Amino acid sequence: MTITMYGITTCDTIRKARTWLEGHDVPYRFHDYRAEGIDAGKLDGWIGKVGWEKLLNKGSTTFRELPDKDKAGLDEKKAKKLMVAKPTMIKRPVLEVGDRILVGFKADVYEAEVGK
């Protein structure tokens, strides 16, 4: 099973998730949004599985610093455009486990989904 983690290296939650995976000898590939960005098609797939509301991190510094006009009337199309332009607005980490998507990090969920 192929596992890919999406996020940014400076995120504390990413660090916790990576430490958990490495501590449980779970191989994974890391995709850094800052270096590699995010493809609109990939984002569409995630939105289809978990919804844009779960992916958009309204508590992120990037989102909070947006002008009010960009936050107003938020819908899937607008949220997707914002997340493609500034992927640091996507909740972290996003973990692709085969065809499943996990958003955020909780050790018990990782244990159930990817634990060995």
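Note that the coordinates shown come from a computational prediction; the quantities given were computed from them, not determined experimentally.
- One distance of note links CG of D32 with CD1 of I14; it measures 9.0 Å at 0.5 Å rounding.
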When you look at K77 and W52, which way does the side chain to side chain contact (heavy atoms under 4.5 Å, CB included) test go after all the steps? CA-CA 9 Å; K77 183 178 177 182; W52 68 269; over 6 Å; no

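- Each of I3 and I38 belongs to its own hydrophobic cluster when Ile, Leu, Val, Met, Phe, Trp and Tyr are linked at side-chain heavy-atom distances under 4.5 angstrom.
- More than 12 heavy atoms of other residues, nucleotides or ligands sit less than 6.0 Å from atom NZ of K71.
- I101 and I8 fall within the same hydrophobic cluster, where Ile, Leu, Val, Met, Phe, Trp and Tyr residues are linked whenever their side-chain heavy atoms come under 4.5 Å apart, directly or through other members.
- Between M5 and R18 there is a side-chain heavy-atom pair separated by less than 4.5 Å.
- Residue-environment remark: NZ (K49) exceeds the threshold of 12 foreign heavy atoms within 6.0 Å.
- Between F30 and T9, the closest side-chain pair of non-hydrogen atoms falls below 4.5 Å.
- Qualifying salt bridge (charged side-chain N to carboxylate O under 4.0 Å, His left out) partners for R64, counting only residues two or more places apart in sequence or in other chains: none.
- Between the side chains of R15 and T10, no donor-acceptor pair of N or O atoms lies under 3.5 Å.
- Taking the charged nitrogens against the carboxylate oxygens, K78 and D75 have no contact shorter than 4.0 Å, which rules out a salt bridge.
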Pair up each side-chain donor or acceptor in residues 79-98 with any protein partner under 3.5 Å, not counting sequence neighbours, and list the distances.
{"residue": "K80", "atom": "NZ", "partner": "D44", "partner atom": "OD1", "Å": "2.8"}
{"residue": "K80", "atom": "NZ", "partner": "D44", "partner atom": "OD2", "Å": "3.0"}
{"residue": "T88", "atom": "OG1", "partner": "T62", "partner atom": "OG1", "Å": "2.8"}
{"residue": "K91", "atom": "NZ", "partner": "K54", "partner atom": "O", "Å": "3.4"}
{"residue": "R92", "atom": "NH1", "partner": "T88", "partner atom": "O", "Å": "2.8"}
{"residue": "E96", "atom": "OE1", "partner": "Y6", "partner atom": "OH", "Å": "3.1"}
{"residue": "E96", "atom": "OE1", "partner": "K42", "partner atom": "NZ", "Å": "3.4"}
{"residue": "E96", "atom": "OE2", "partner": "K42", "partner atom": "NZ", "Å": "2.9"}
{"residue": "E96", "atom": "OE2", "partner": "W46", "partner atom": "NE1", "Å": "3.0"}

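- L55 and L102 sit in two unconnected hydrophobic clusters of ILVMFWY residues. Membership requires side-chain heavy atoms under 4.5 Å apart, directly or through other members.
- Using modelled atom types, no side-chain atom of H24 and backbone atom of T19 make a donor-acceptor pair closer than 3.5 Å.
- Atom SG of C11 sits about 10.0 Å away from atom OH of Y33, to the nearest 0.5 Å.
- With hydrophobic clusters built from ILVMFWY side chains whose heavy atoms lie under 4.5 angstrom apart, F63 shares a cluster with I47.
- Nearest heavy-atom pair across D70 and L74 is O-CD1, 4.1 Å.
- Cluster annotation: V114 and V109 are assigned to the same hydrophobic cluster (Ile/Leu/Val/Met/Phe/Trp/Tyr, side-chain heavy-atom contacts under 4.5 Å, transitive).
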